[in-house]
Amino acid sequence: MLFKKRNTKCGILRQEDEGKKIVLNGWVASRRDLGGLIFIDLRDRWGLVQIVIEPENRPDLAEKAKDIRDEFVLWAEGTVRSRSNPNTKIPTGLIEVVVEDFDIINKSELPPFPVDDNIETGEETKLRYRYLDLRRPVMQNYFAIRNKTYQVCHRYFEKNDFIEVETPVLMKSTPEGARDFLVPSRISKGKFYALPQSPQIFKQILMLSGFERYMQIVKCFRDEDLRSDRQPEFTQIDVEMSFIDRDDILNLIEGLIIELWKEVLDYDVAAPFMRMSYDEAMNRFGSDKPDLRFGMEISDITDAVRSTEFKVFNDTIGEGGIIAAINVKGGSEMSRKNIDELTEFAKKYGAKGLAWMKFANGEVNSPIAKFLDEAVISQLKSQLNAQDGDLILISSDKKRRAQTILGALRLECAKRLGIMDAVKDKFSFHWVIDFPLFEYDEDNERWVAMHHPFTSPMDEDIALLDTDPGSVRAKAYDLVVNGAELGGGSIRIFNSDLQQKMFNKLGLGDKEIEDKFGFFIKALKYGTPPHGGIALGLDRIVMTLAGTDNIRDVIAFPKTTSGLSLMDGSPSFVVEEQLKELGLKLLSEK
RNA sequence: GGAGCUGUAGCUCAGUUUGGUUAGAGCGCCUGCCUGUCACGCAGGAGGCCGCGAGUUCGAGUCUCGUCAGCUCCGCCA
């Protein structure tokens with residue numbers, strides 16, 4: 001179909017364009033046919049403008065316009081003029097375009113939902129018709145922010161003398177970490193490539209190849225269950241540097257964040273960011289990614305309740321656990337039902353129960369009050385800075401578990417009491433540092449790397465590798481904003497013997513190490529510079545910039561919670577021939 | 001792997017507690033009218049596999065079991 005090409009854009013027309021003869025291309029956002037007068041809102045990527053067809057002057061155009069429906073594609077030629085009835089709600093509202101000629105370029109089926117912001121359409125319908133969902137201005141804006149993020153990143157790292165190198169998408173499957181997506185090899189039947197969980201090994205090899213400063217905006221793949229902030233394929237801003245220490249990376253990334261927030265939101269982020277140890281983050285906030293926009297910190301009240309007759313507390317103390325609490329300011333308004341809900345909430349995190357104390361009307365109300373004498377209560381009240389109107393939530397458990405439970409309750413209560421809403425426009429960036437190198441996997445009875453197996457232990461803790469692995473600290477760091485992890489990195493092991501030892505500590509046998517990581521250990525022996533880096537979750541950065549809490553909003557074609565792509569119907573079965581060519585055979589169900 | 005919520009018209013939802021005549025509303029859609037609308041207005045009309053499958057029952061949108069899908073969370077995600 002022939003069409004007249006536009007010479008301007010709908011969304012950019014303003015009062016000063018009055019009198020200009022123009023051509024527009026776009027989609028019909030809405031049509032208001034008054035009989036003697038037809039108004040059409042024409043939409044393109046840049047916005048909306050009202051065009052008018054006047055049957056009195058052009059009955060031929062009016063006749064053609066009768067067929068126009070929402071989402072039809074039009075070209076229209078006309079003259080910009082001031083409106084007699086301006087619309088102050090839209091940027092182009094002072095003017096309109098009187099149509100002198102137009103045609104329908106393409107029709108549209110009736111859309112299953114209006115292509116409009118603020119629609120209330122189910123996720124399933126929107127994903128099935130993702131192309132229509134993406135047409136909505138609010139979605140287009142998310143991707144404008146995403147684009148801006150790419151551009152700022154590339155410019156920032158270019159300016160800082162980084163070089164972008166692409167790493168393979170088909171690589172070797174290695175143990176440790178997330179489940180790999182596997183790709184069968186046709187040429188080497190029975191063998192598989194894996195999609196990268198991250199380009200970790202390649203970027204380290206690029207360091208020993210002498211690239212010094214590497215970055216890449218790169219897709220990563222992890223075959224794990226999805227969440228509102230997790231997709232099986234996602235994008236990382238991947239960075240690695242040689243001859244540097246931790247603070248070089250932290251400073252570099254702070255600079256990037258400052259530039260991103262300035263460019264995208266015109267928001268001034270203050271640096272340097274606060275740095276908090278993992279231990280402190282857990283003790284005070286019960287999370288390794290604490291939200292520091294508000295208080296409600298955790299207090300260890302073990303000493304205060306040590307002398308009580310409450311069996312639950314005494315048993316916990318006897319087993320080496322702790323009693324800890326948060327003070328939910330103004331929480332005494334919560335009903336018994338609300339507190340029961342909080343108890344259920346706590347149970348998801350492994351809590352066996354939840355003790356609480358309400359302070360109201362000068363009195364204390366608590367199911368455990370009978371175990372606490374006057375002195376203990378007043379001690380707690382002063383330690384927790386509790387006043388009338390407050391609610392104290394108490395967890396009694398192993399140290400980290402008690403903290404995690406209270407950390408989760410802290411966020412939940414902040415949501416319920418409107419604290420989250422009150423701070424929603426703030427950005428609180430900080431670093432969590434000094435992570436443990438290992439954590440113990442109870443199920444498999446072995447140590448696993450908390451960050452990844454290439455992370456360097458702190459020099460002063462290396463001796464503890466053999467005697468007390470659990471207390472070895474890592475040269476690792478996470479970037480956190482508003483309770484979300486934006487990225488993490490570490491200074492790497494650059495000594496092949498230490499790398500070998502690390503794998504041993506993780507329970508890998510020499511043969512397995514040779515088989516899975518031999519090439520890497522070998523590479524480390526050819527003059528590896530000290531190096532380290534970080535990977536930032538680009539999708540999460542864009543989410544934060546865009547102010548959305550769902551990762552699907554910032555990925556053009558996302559998967560559902562069960563990993564399906566509803567628009568194109570993947571994953572799907574393949575024909576027998578394809579399997580045969582790959583040397584594969586499906587197991588029959590059960 | 002587990003838990004919770006949801007599934008009824010194109011869309012958003014009511015109806016399910018306590019089974020019972022022809023399953024409703026708003027928006028959208030279709031037709032007609034309408035010269036200043038911008039959530040246009042007015043009049044009329046069409047539109048249903050009550051997610052799917054079993055079961056209970058004289059009778060199921062409603063009760064039971066299973067299953068599928070969407071969302072959120074726990075586990076998982078170095």
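Keep in mind that this is a model prediction, so the values were computed, not measured. Side chains are part of it too, since the values below use all heavy atoms of this structure and drop only hydrogens, waters and symmetry mates. Chain letters run A, B, ... following the sequence lines, proteins first and then strands; every chain starts at 1.
Candidate nucleotides B/U35, B/G75, B/C71 were compared by shortest atom distance to the side chain of A/Glu123, and B/C71 ranks first. Taking every side-chain heavy atom of A/Thr125 into account, B/C11 is the closest of B/C73, B/G36, B/C11. Side chain of A/Glu96, nearest nucleotide from B/C71, B/C38, B/G36: B/G36. Comparing B/C77, B/A39, B/C71 by their closest approach to the side chain of A/Lys89 singles out B/A39. Of all nucleotides listed (B/G36, B/C38, B/C73), B/C73 comes nearest to the side chain of A/Lys348. The side chain of A/Asn87 approaches B/C38 more closely than any other nucleotide in the set B/A69, B/C76, B/C38. If you check B/C34, B/C71, B/G1 against the side chain of A/Leu127, the one that comes closest is B/C71. Considering only the side chain of A/Asn550, B/C71 comes nearest among B/G70, B/C71, B/C34. Closest contact between the side chain of A/Arg32 and the listed nucleotides B/G75, B/U72, B/C40 involves B/C40.
Per the geometry, CG belonging to A/Asp443 stands 10 Å off P belonging to B/C77, to the nearest Å. Atom pair A/Leu110:CG and B/A9:P shows a separation of 15 Å (rounding to whole Å applied). As a whole-Å value, the separation of A/Leu566 CG from B/C71 P is 7 Å. The distance between atom CD1 of A/Ile551 and atom C1' of B/C71, rounded to the nearest whole Å, is 15 Å. Between the CZ atom of A/Phe72 and the P atom of B/C29 there is a distance of 12 Å, given to the nearest Å. Between the CD atom of A/Glu71 and the P atom of B/G10 there is a distance of 19 Å, given to the nearest Å. The nearest whole Å value for the distance from the CG atom in A/Leu34 to the P atom in B/C42 is 13 Å. The separation between A/Met567 atom CE and B/G70 atom P is 15 Å, rounded to whole Å.
In this entry B/G75 has no Watson-Crick or G-U wobble partner, no candidate having both defining distances under 3.5 Å. Pairing of B/A43, defined by two Watson-Crick or G-U wobble distances under 3.5 Å, is identified with B/U31. Partner assigned to B/C63 is B/G55, using Watson-Crick or G-U wobble distances below 3.5 angstrom. Base pairing of B/C38 is not made with any nucleotide, judged by Watson-Crick or G-U wobble geometry with both donor-acceptor distances under 3.5 Å. Pair assignment for B/C50 gives none, since no Watson-Crick or G-U wobble pairing has each distance under 3.5 Å. A 3.5 Å limit on both hydrogen-bonding distances identifies B/C68 as the Watson-Crick or G-U partner of B/G7.
Between B/G15 and B/G51, the distance separating the two P atoms is 14 Å to the nearest Å. Remark: the separation of the C1' atoms in B/A60 and B/G19 is 6 Å, to the nearest Å. Comparing the C1' positions of B/U18 and B/G61 gives an interatomic distance of 15 Å, to the nearest angstrom. When the C1' atom is compared between B/G70 and B/C63, the two are found 25 Å apart, to the nearest whole Å. Atom C1' of B/C11 sits at a distance of 15 Å from the matching atom of B/A39, rounded to the whole Å. To the nearest whole angstrom, the two C1' atoms, one in B/A25 and one in B/G20, are 23 Å apart. Spacing between B/G48 and B/C33 at atom C1', rounded to whole Å, works out to 30 Å. On the C1' atoms, B/U22 is 36 Å away from B/C34, given to the nearest whole Å.
Residue A/Arg222 places no side-chain N or O under 4.0 Å from the OP1 or OP2 atom of B/C76. Between A/Asn118 and B/A39, a side-chain N or O to OP1/OP2 separation shorter than 4.0 Å is absent. In terms of phosphate contacts, A/Thr561 brings a side-chain nitrogen or oxygen within less than 4.0 Å of OP1 or OP2 of B/U72. Contact annotation: A/Ser228 reaches the phosphate of B/C73 (side-chain N/O to OP1 or OP2, under 4.0 Å). Proximity of A/Arg31 to the phosphate of B/G28: no side-chain N or O atom is located under 4.0 Å from OP1 or OP2. Dashed line: the shortest gap from a side-chain N or O of A/Lys126 to OP1 or OP2 of B/C11 is not under 4.0 Å. A/Ser30 has no side-chain polar atom (N or O) that falls below the 4.0 Å cut-off from OP1 or OP2 of B/C38. Contact check, A/Thr560 against B/A69: no side-chain N or O comes under 4.0 Å of OP1 or OP2.
Counting atom types as modelled, A/Arg230 pairs a side-chain N or O with a base atom of B/C76 as donor and acceptor under 3.5 Å. For A/Asp70 against B/G28, a side-chain-to-base donor-acceptor contact under 3.5 Å is absent. The base of B/U35 lies outside donor-acceptor range of the side chain of A/Glu54, with no N or O pair under 3.5 Å. Residue A/Arg227 places a side-chain atom within donor-acceptor reach of the base of B/G75, judged by atom type and a 3.5 Å distance cut-off alone. For B/C38, the base has a donor-acceptor partner in the side chain of A/Arg83 [N/O atoms by modelled type, under 3.5 angstrom]. In the interface, the side chain of A/Glu109 is not paired with the base of B/G10 through any donor and acceptor atom under 3.5 Å apart.
A salt bridge links A/Arg400 to A/Asp279: one of the charged nitrogens lies within less than 4.0 Å of a carboxylate oxygen. Salt bridge annotation for A/Arg416-A/Glu412: present, with a cationic side-chain nitrogen under 4.0 angstrom from a carboxylate oxygen. A salt bridge between A/Arg58 and A/Asp60 is present, with a side-chain N of the basic residue lying under 4.0 Å from a carboxylate O of the acidic one.
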Checklist entry - What's the verdict on side-chain contact (heavy atoms from CB on, under 4.5 Å) for A/Arg222 and A/Phe181, showing C-alpha distance, side-chain angles and the deciding distance? => result CA-CA 7 Å; A/Arg222 294 178 190 175; A/Phe181 279 101; 5.7 Å; no
Next on the checklist: Between A/Asp340 and A/Thr343, does the side chain to side chain donor-acceptor pair (under 3.5 Å) criterion hold? Intermediate values first, please.
Outcome noted: CA-CA 5 Å; A/Asp340 286 346; A/Thr343 305; 4.8 Å; no
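With RNA chain B read from its 5' end, the first of the two nearest nucleotides for A/Leu226 and A/Arg552 is the one closest to A/Arg552. Each of A/Glu439 and A/Lys66 was matched to the nucleotide of RNA chain B holding its nearest heavy atom; the match closer to the 5' end belongs to A/Lys66.
Below 30°, between 30° and 60°, or above 60°: for A/Tyr131 and A/Tyr129 the angle between ring planes is above 60°, a perpendicular geometry.
The CD1 atom of A/Ile237 lies 4.0 Å from the CD1 atom of A/Ile541; values are rounded to the nearest 0.5 Å. In this structure, CD on A/Gln403 lies 6.0 Å from CD1 on A/Ile298, to the nearest 0.5 angstrom. Atom OH of A/Tyr477 and atom CZ of A/Arg246 lie 9.0 Å apart (nearest 0.5 Å). A/His531 contributes atom NE2, which lies 9.0 Å from atom CD1 of A/Ile491 (distance to the nearest 0.5 angstrom).
A/Pro86 comes within 4.0 angstrom of a nucleotide base, judged by non-hydrogen atoms across all strands.
Both stacking criteria are satisfied for A/Phe39 over the base of B/U37: a centre-to-centre distance under 5.5 angstrom and an angle between ring planes under 30 degrees.
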